Amino acid sequence: MSVAYLASGAIELPNVQTQRTARQVIGDEGRTAGGKLRRDVVATKRVWTLVCPYLTNAEYDAIVGHLEATFGVTTFWLDEFGGTAAANSIAAVVDVEEDERVQFARDGTWHSDGHSLVLTVQEQ
């Protein structure tokens, strides 16, 4: 489905099966004494949830190793951004929400040590 990379294109997020996008409003909201809704908005930031099933152990190690080494603070690129991952990545914080060990076959090879990941990517 999606093509995604971390670390300015150095680490591919292969096999992205599902991509959900949400938006966070950065600001303050409240009602005045007269009951009118007031909102001061500074920015809107995107949050992606990516489901990456059937990763080989090597793919998994590259992704999780990078996130552990950087505490999840990295760069992120999706094909819908346009350009290249090296030139058009954005600053992001990436967290592993789910990590499941799975077995699967790919290209005629059985992977008994595979993983499925669900990642949450928050635009900085």
Side-chain angles (χ1 to χ4, degrees):
M1 181 184 171
S2 299
V3 177
Y5 286 91
L6 299 176
S8 298
I11 300 171
E12 181 181 6
L13 296 177
N15 201 26
V16 176
Q17 184 181 56
T18 304
Q19 170 192 324
R20 291 186 300 273
T21 307
R23 286 171 175 69
Q24 289 180 331
V25 175
I26 310 303
D28 185 39
E29 183 178 283
R31 295 222 177 250
T32 65
K36 185 174 181 177
L37 181 63
R38 179 192 53 80
R39 178 184 266 189
D40 296 320
V41 176
V42 176
T44 302
K45 299 292 183 172
R46 297 167 289 185
V47 178
W48 295 271
T49 301
L50 304 175
V51 178
C52 304
Y54 310 119
L55 301 174
T56 66
N57 198 44
E59 293 166 339
Y60 170 83
D61 285 344
I63 294 165
V64 173
H66 173 71
L67 295 177
E68 288 176 349
T70 62
F71 302 104
V73 179
T74 187
T75 58
F76 173 69
W77 180 84
L78 275 174
D79 54 350
E80 64 188 38
F81 295 171
T84 64
N88 300 95
S89 291
I90 63 167
V93 175
V94 182
D95 293 310
V96 176
E97 294 299 320
E98 293 180 32
D99 182 347
E100 180 181 3
R101 179 123 180 226
V102 295
Q103 297 180 5
F104 65 95
R106 184 194 296 165
D107 300 326
T109 302
W110 181 253
H111 299 275
S112 61
D113 58 353
H115 286 265
S116 289
L117 289 177
V118 176
L119 303 173
T120 300
V121 181
Q122 298 183 61
E123 181 178 18
Q124 281 195 325

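Keep in mind it's a predicted model, so treat the numbers as computed, not measured.
- Note that CD of Q19 and CG of L13 are 11.0 Å apart. Values are rounded to the nearest 0.5 Å.
- Remark: the backbone N or O of A91 is not paired with any side-chain donor or acceptor of Q124 at under 3.5 angstrom.
- Summarising the geometry of V102 relative to Y54, their closest heavy-atom pair is CG2-CD2, 4.1 Å, with the distance given to 0.1 Å.
- To the nearest 0.5 angstrom, D61 atom CG is 7.0 Å from H115 atom NE2.
- Residues I11 and Y5 are not in side-chain contact: their nearest non-hydrogen atoms beyond the backbone lie 4.5 Å or more apart.
- The minimum heavy-atom distance between V16 and C52, with the atom names listed, is CG2-SG, 3.9 Å.
- Linking ILVMFWY residues whenever their side-chain heavy atoms come closer than 4.5 Å, directly or via other members, places V96 and V121 in the same cluster.
- In this structure, Q103 CD and W110 CH2 are separated by 5.0 Å, a value rounded to the nearest 0.5 Å.
- Under the 4.5 Å side-chain contact rule for hydrophobic residues, V3 and L50 share a cluster.
- For the atom pair OG1 of T32 and CZ of R38, the computed distance is 8.5 Å after rounding to the nearest 0.5 Å.
- Contact record, L78 with S2: CD2-CB, 4.1 Å, taken as the closest heavy-atom pair.
- Here the closest heavy-atom approach between residue R101 and residue S112 is recorded as NH2-O, 3.3 Å.
- Closest approach of T56 to F104, counting heavy atoms only: N-CZ, 3.9 Å.
- Each of R46, E123, Q122 was evaluated against Q24; a single residue qualifies, Q122, per the side chain to side chain contact (heavy atoms under 4.5 Å, CB included) test.
- Side-chain atoms of R20 do not come within 3.5 Å of backbone N or O of V47 as any donor-acceptor pair.
- A donor-acceptor contact under 3.5 angstrom links the side chains of Y60 and D99, judged on distance only.
- Considering all non-hydrogen atoms of both residues, W77 and G83 come closest at CZ2-O, 3.4 Å.
- Residues L119 and F76 fail the side-chain proximity criterion, which asks for heavy atoms closer than 4.5 Å.
- In this structure, CG in L6 is found 8.0 Å from OG1 in T70, a value given to the nearest 0.5 Å.
- Under the 3.5 Å distance criterion, the side-chain polar atoms of D28 are left unmatched by any main-chain donor or acceptor of D40.
- Note that CD of E97 is 3.5 Å distant from OG1 of T120, once rounded to the nearest 0.5 Å.
- Hydrophobic clustering (side-chain heavy atoms under 4.5 Å, transitive across Ile, Leu, Val, Met, Phe, Trp, Tyr) groups I90 together with I63.
- A donor-acceptor pair under 3.5 Å links the side-chain atoms of T75 to the main chain of S8, judged by distance alone.
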